[in-house]
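Numbers restart at 1 for each chain; the letters A, B, ... are given by sequence-line order, proteins then strands.
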There are 2 protein chains.
Amino acid sequence: MSVSLDQLQAFVVAAETGSFSAAARRLRKAQSAVSTQISNLEEDLGLALFSRAGRSPSLTPAGERLLLEARVILDRREHLIGVARSFEAHVEQRLVVAIDEIYPEQAMAEVFAEFARHFPHVELELLFPMMEDVSRLVLTGQADIGVMWRQEILPTELGFQTLGWVPIKMVCGKQHPLANVRVDWEDLKRHRQILVAARNDGPEKQRLRVAPEVWWVESHWVILQLVRQGIGWAFVSSHVIKASPVAADLAIPELQFDDFDLPVAVELVWHKQRPCGPAAKWLRERFAAIRI
Amino acid sequence: MSVSLDQLQAFVVAAETGSFSAAARRLRKAQSAVSTQISNLEEDLGLALFSRAGRSPSLTPAGERLLLEARVILDRREHLIGVARSFEAHVEQRLVVAIDEIYPEQAMAEVFAEFARHFPHVELELLFPMMEDVSRLVLTGQADIGVMWRQEILPTELGFQTLGWVPIKMVCGKQHPLANVRVDWEDLKRHRQILVAARNDGPEKQRLRVAPEVWWVESHWVILQLVRQGIGWAFVSSHVIKASPVAADLAIPELQFDDFDLPVAVELVWHKQRPCGPAAKWLRERFAAIRI
DNA sequence: ACTCATCTATCTGAAATTTAGATGGCAACT
DNA sequence: AGTTGCCATCTAAATTTCAGATAGATGAGT
């Protein structure tokens with residue numbers, strides 16, 4: 001059988017250390033063993049991986065290209081061993097998390113980066129259900145965990161925990177009539193408001209509605225594009241505004257009223273009756289530990 | 001060294017054939033060799049891959065999961081050998097193709113599906129440069145091949161070949177004033193036209209402009225969303241209209257004039273002075289062979 | 001120019017691994 | 001009950017891998 005994992009490992013370590021001798025030391029093998037393995041690999045593949053022109057071998061173009069492939073294979077082999085290890089530890093094999101767009105992306109990215117380090121062999125699916133209710137996904141079992149903004153009433157089957165509050169800003173285009181004034185409630189009512197569309201009706205759809213004339217758009221990104229064009233104004237969480245490519249073309253005028261409850265609560269939800277594995281448990285605790 | 005490719009192969013073939021004996025026959029090895037390899041693999045991984053309760057072994061849950069990983073590793077090993085083979089054949093390692101959105105996606109998908117079969121080890125990068133000139137990408141070497149609509153003058157360094165003609169339709173919202181009339185030239189001028197925005201100015205930016213009042217939008221998809229809202233009308237290629245989720249809400253009124261050159265030519269472009277490898281050659285011939 | 005250190009390739013013999021073949025025990029089928 | 005096909009175990013042989021010794025080449029330092 002040609003091309004063994006040992007050969008690939010000798011090849012990769014030699015490339016990384018810069019010499020067969022150093023690779024042999026790293027692998028705790030005789031230098032000749034490494035030399036022979038690499039020579040055999042080159043014979044099996046039918047090309048040179050290293051040029052031996054000088055004292056130190058250097059990778060050929062083919063060697064550089066195949067190094068990437070070899071690394072992938074060795075990584076996958078480690079991954080397979082890791083998957084086997086996770087069976088021993090009874091860690092979930094797969095986790096589905098539904099997250100509303102309102103959760104700050106940076107904090108989320110940090111959570112999942114750490115999750116990846118802790119549970120490298122758990123298959124993760126992240127849903128961003130713009131057009132679906134996060135709590136319903138968790139209720140029906142389509143998601144294991146949900147992160148969403150507060151609804152008036154959650155089904156009693158769901159457990160929840162408040163993670164924090166996300167500030168919402170009123171935003172419009174720089175040429176919009178409201179761009180350079182201190183905006184009051186009547187001002188907001190007089191101009192078209194652009195709201196996030198949800199495909200299922202519910203109280204959350206009307207939650208931030210102020211104006212009688214509204215547009216519904218299915219993406220915050222497109223909302224900001226439209227707002228930039230002066231078509232209307234919108235309430236958008238500040239992290240979404242920051243992340244938008246058109247942020248520089250937007251105005252965030254000052255509001256005259258202070259009693260409007262602009263920050264909205266962000267909740268973590270899960271199904272009380274479904275058992276929680278170590279990965280889901282870790283994730284819940286990690287979300288809860290981060291103040292947003 | 002634990003977990004060898006031979007072990008993984010014995011495992012995968014045994015899973016596929018349903019028995020160690022059949023795997024041994026497939027692999028032209030003694031049945032005991034296969035049995036031993038699988039047992040050694042299970043010992044290395046620390047878990048059972050097969051249940052031996054009956055006469056035929058059956059995969060355990062761990063075995064089913066690890067079978068997927070093992071297959072990936074064996075596939076990657078074959079891929080590595082394939083990459084080595086492509087070096088022998090002097091096939092390009094990488095190809096960048098810039099394609100204007102006007103090229104019908106279905107035909108393109110078929111071309112690249114076939115390309116993937118012919119050149120499985122060529123790294124392909126597809127650019128859809130909405131905001132950049134395809135011919136300039138090819139001229140500057142950022143793309144090896146370009147597919148674009150005809151410009152008035154191409155730089156002399158570029159070779160080109162006409163692939164065909166794409167019909168362009170005038171489209172508006174169903175509530176737009178032009179929706180239910182036979183539209184003439186003056187009608188078009190009187191209403192806002194929405195055009196594809198390009199970040200660099202050039203003659204192609206104004207190519208389809210008819211109306212004095214225009215909007216520029218960076219995406220055909222968003223153009224159609226805006227057209228649907230009755231904000232204006234647009235010229236859009238018919239395959240883009242068909243692919244849009246809002247196609248049902250659009251009107252395509254009949255035009256009174258017949259001499260307008262609505263179909264636009266689609267060109268394949270390449271740099272005359274840059275050598276063309278077998279993968280690029282194949283791709284050019286394949287694009288040329290498809291009538292659109 | 002000389003010396004020294006480090007490198008790779010080759011060779012030999014030993015160790016480790018893999019394999020084929022024989023065999024026993026078990027399950028499923030007829 | 002008899003037959004067939006399977007897996008696990010054992011033994012001996014074949015193959016592969018390895019360590020260690022060695023020769024020759026290269027590069028750095030003096």
Side-chain angles (χ1 to χ4, degrees), chain A residues 1-60 62-64 66-67 70 73-74 77 81, chain B residues 1-60 62-64 66-67 70 73-74 77 81:
Chain A
M1 168 76 68
S2 65
V3 184
S4 71
L5 287 169
D6 287 339
Q7 288 177 330
L8 294 179
Q9 187 175 34
F11 167 39
V12 167
V13 175
E16 286 172 358
T17 57
S19 79
F20 298 4
S21 302
R25 289 191 290 274
R26 171 88 70 81
L27 295 169
R28 301 197 191 286
K29 289 187 176 186
Q31 174 268 326
S32 54
V34 172
S35 176
T36 300
Q37 285 197 325
I38 291 173
S39 295
N40 287 345
L41 179 59
E42 286 175 323
E43 193 169 332
D44 290 338
L45 293 178
L47 46 66
L49 299 169
F50 288 100
S51 165
R52 277 90 154 164
R55 188 174 80 174
S56 295
S58 59
L59 283 167
T60 61
E64 291 192 6
L66 291 170
L67 179 62
I73 295 174
L74 294 176
R77 194 265 305 263
I81 294 174
Chain B
M1 165 80 69
S2 65
V3 183
S4 73
L5 288 168
D6 287 340
Q7 288 178 330
L8 294 179
Q9 186 175 34
F11 168 39
V12 167
V13 175
E16 285 172 358
T17 57
S19 80
F20 297 5
S21 302
R25 290 191 290 273
R26 169 87 70 83
L27 296 169
R28 301 195 190 286
K29 291 187 176 186
Q31 173 267 326
S32 53
V34 171
S35 175
T36 301
Q37 286 196 324
I38 292 173
S39 294
N40 287 345
L41 179 59
E42 286 174 324
E43 192 169 332
D44 290 338
L45 294 178
L47 47 66
L49 298 168
F50 288 101
S51 166
R52 276 91 153 168
R55 188 173 80 173
S56 295
S58 57
L59 282 167
T60 60
E64 291 192 9
L66 293 170
L67 179 62
I73 295 174
L74 294 176
R77 194 267 305 260
I81 294 175

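- Taking the screw axis at each terminus of the helix from C:dA1-D:dT30 to C:dT30-D:dA1 from five consecutive base pairs, the angle between the two is 40° to within rounding of 10 degrees.
- For the pair B:I73/B:R77, no side-chain contact is recorded, criterion being any heavy-atom separation below 4.5 Å from C-beta on.
- To the nearest 0.5 Å, atom CD of residue B:Q31 and atom OG of residue B:S19 are 8.5 Å apart.
- If you walk DNA chain D from 5' to 3' and mark each nucleotide with an atom closer than 4.0 Å to a heavy atom of chain B, the marks span D:dT4 to D:dT9.
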**Message:** Applying side chain to side chain contact (heavy atoms under 4.5 Å, CB included) to B:S39 and B:E43, what does each step give before you reach the verdict?
**Reply:** CA-CA 6 Å; B:S39 294; B:E43 192 169 332; over 6 Å; no

**Message:** How would you summarise protein contacts on nucleotides 5-13 of chain C per nucleotide, using B for base, S for sugar-phosphate only and - for none, with heavy-atom distances below 4.0 Å?
**Reply:** BBSBBB---

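- At least one side-chain heavy atom of A:L66 sits less than 4.5 Å from a side-chain heavy atom of A:L47.
- The shortest distance between side-chain heavy atoms of B:D44 and B:Q7 falls below 4.5 Å.
- Rounding to the nearest 0.5 angstrom, the gap separating the OG atom in B:S32 from the CD atom in B:Q37 is 10.0 Å.
- Atoms CG and CG, on A:D6 and A:L41 in that order, are 11.0 Å from each other to the nearest 0.5 Å.
- Panel note: side chain A:T60, backbone A:A48; a donor-acceptor pair is recorded below 3.5 Å.
- Side-chain contact between A:F20 and A:T36 is absent, with no heavy atoms from C-beta onward closer than 4.5 Å.
- Rounded to the nearest 0.5 angstrom, A:E16 CD and A:L67 CG are separated by 7.0 Å.
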